[in-house]
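Just so it is clear, the values below take in all heavy atoms, side chains as well, and ignore hydrogens, waters and symmetry mates. First listed ligand is number 1; within each ligand, the first listed atom is number 1.
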Amino acid sequence: MTTIANNLQQVLGRMAQACQAAGRGPDTVQLLAVSKTFGADAVADAVAAGQRDFGENYIQEGVDKITALRAAMPGVELQWHCIGPIQSNKTRLVAEHFDWVHTVDRLKIAERLSAQRPEHLAPLQLCVQVNIDGGPTKSGVAPADTLELVRAVAKLPRLVVRGLMSIPDHAPDFEPQLAIHTSARRLFDQILALKEPSLEQFDTLSLGMTADLEAAIAAGSTMVRVGTGIFGGRN
Ligand SMILES: *Cc1c(COP(=O)(O)O)cnc(C)c1O
């Protein structure tokens, strides 16, 4: 078994254990393998081990890998998630190549993504990024402005609003990790509770990385984004 296959099994094991500890079903959390900085060969190893969803931060790097994997493994359906910051001049690449985007925190970016999404592709699946711990220089919409942005994005024709994403500051211990992830969960639940018809597919809470996936799952994450735990350390 390759190292990546072995690492994947370990991460899936951690997720299963965290689900059990939280009294959640084993299939309630999806694994997004974050392949940024690693090559197409590493992604291919993970695909061979059964992984299908991949996250990329740097858009051109992601597009290169998407193209390489499609050529190397024709017929294998992968889902590519953009999880990095998006400048206006990069929206077209995202709209034309990715399946999901987790990092929309301004209406202008969503409008461009919708306008640029090619007709022959399924609508782009989108999470609104929330700045849940409020750092002034951080990406993400303020919690108080989140519902308004979610509603505005839901009106755009070529996008489907799937949920919320956040990247809280690193905390070393489980309890503070759980506390901050739980604030994201509360915001998610408040929006869900409105049962708005335009938010029918609002079902995704993208929370947790290698170091804090247990706390994220305890808080209610439905998608953890794991890089180091699968592919190893980055330079
Ligand atoms: C890099 C990155 C991850 C993965 O982080 P690890 O600590 O390597 O698991 C997850 N989410 C985002 C947004 C990232 O940029």
Side-chain angles (χ1 to χ4, degrees), residues 3-18 29-39 42-43 45-46 49 51-66 79-87 90 94 98-106 109 124-135 137-141 146 162-174 176-178 180-181 184-185 188 204-235:
T3 307
I4 287 173
N6 193 46
N7 289 347
L8 256 176
Q9 273 201 353
Q10 292 205 7
V11 169
L12 290 168
R14 280 176 65 188
M15 290 168 62
Q17 233 171 2
V29 186
Q30 213 183 338
L31 174 59
L32 179 56
V34 177
S35 42
K36 66 181 174 207
T37 79
F38 292 92
V43 174
D45 275 356
Q51 180 64 27
R52 291 294 179 269
D53 286 81
F54 293 90
E56 289 286 338
N57 284 59
Y58 311 106
I59 291 159
Q60 187 60 56
E61 179 194 327
V63 170
D64 291 346
K65 251 174 266 181
I66 293 169
Q79 293 282 301
W80 291 93
H81 301 239
C82 175
I83 61 169
I86 306 170
Q87 312 297 332
K90 290 287 167 50
V94 174
F98 284 83
D99 303 288
W100 281 70
V101 54
H102 293 225
T103 39
V104 170
D105 61 1
R106 284 179 292 153
I109 295 294
L124 188 62
Q125 311 293 301
L126 179 150
C127 292
V128 165
Q129 182 175 355
V130 184
N131 181 358
I132 200 68
D133 45 10
T137 62
K138 286 182 69 172
S139 302
V141 63
T146 301
R162 294 298 300 271
L164 302 181
M165 177 270 208
S166 85
I167 317 172
D169 288 344
H170 174 73
D173 301 312
F174 184 87
Q177 292 168 0
L178 179 64
I180 194 71
H181 284 315
R185 163 69 185 273
F188 179 75
T204 301
L205 191 50
S206 166
L207 292 181
M209 316 200 291
T210 300
D212 63 354
L213 70 88
E214 282 84 1
I217 289 172
S221 171
T222 69
M223 197 183 286
V224 292
R225 309 178 306 265
V226 178
T228 313
I230 296 169
F231 296 105
R234 291 179 296 269
N235 289 324

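- Contact atoms of ligand 1 toward Ile167: 13 (C) (distance under 4.0 Å to a heavy atom of the residue).
- Using a 4.0 Å cut-off to heavy atoms of Gly227, the atoms of ligand 1 that qualify are 4 (C), 6 (P), 8 (O), 9 (O).
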Verdict with supporting geometry, His102 and Arg225, side-chain contact (heavy atoms from CB on, under 4.5 Å): CA-CA 11 Å; His102 293 225; Arg225 309 178 306 265; 4.3 Å; yes

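- Close approach of ligand 1 to Lys36 is summarised as follows: ligand atoms under 4.0 Å from at least one heavy atom of the residue are 1 (C), 2 (C), 3 (C), 14 (C), 15 (O).
- Residue, atom and distance of the protein heavy atom nearest to atom 10 (C) of ligand 1 are Met209 SD, 3.1 Å.
- With ligand atoms numbered from 1 in the order given, ligand 1 contributes 11 (N), 12 (C), 13 (C), 14 (C) to contacts under 4.0 Å with heavy atoms of Ile83.
- Contacts of Asn57 with ligand 1, taken as heavy-atom pairs under 4.0 Å, involve the side chain alone.
- Ranking the protein heavy atoms by distance from atom 9 (O) of ligand 1 puts Thr210 OG1, 2.4 Å first.
- Ring planes of Phe231 and Phe54: tilted class, angle from 30 to 60°.
- Remark: ligand 1 atoms within the under-4.0 Å shell around heavy atoms of Arg225 are 4 (C), 9 (O), 10 (C), 11 (N), 12 (C), 13 (C).
- Contacts between His102 and ligand 1, counted as non-hydrogen atom pairs separated by less than 4.0 Å, are absent for every part of the residue.
- Counting non-hydrogen atoms of neighbouring residues, nucleotides and ligands closer than 6.0 angstrom, the CD atom of Gln17 reaches no more than 12 such neighbours.
- Each of the atoms 9 (O) of ligand 1 lies under 4.0 Å from some heavy atom of Val226.
- One finds the CD atom of Gln51 at 12.0 Å from the CG atom of Asn7 (value rounded to the nearest 0.5 Å).
- Contact record, Gly208 with Ala216: CA-CB, 3.5 Å, taken as the closest heavy-atom pair.
- The shortest heavy-atom contact between Ile59 and Cys82 is CG1-SG, 4.1 Å.
- Less than 4.0 angstrom separates some heavy atom of Thr228 from each of these atoms of ligand 1: 6 (P), 7 (O), 8 (O), 9 (O).
- Considering CD of Gln129 and CZ of Arg106, their distance stands at 11.0 Å, rounded to 0.5 Å.
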The test is side chain to side chain donor-acceptor pair (under 3.5 Å); show your working for Glu56 and Ser35 and say whether it passes. CA-CA 6 Å; Glu56 289 286 338; Ser35 42; 2.6 Å; yes

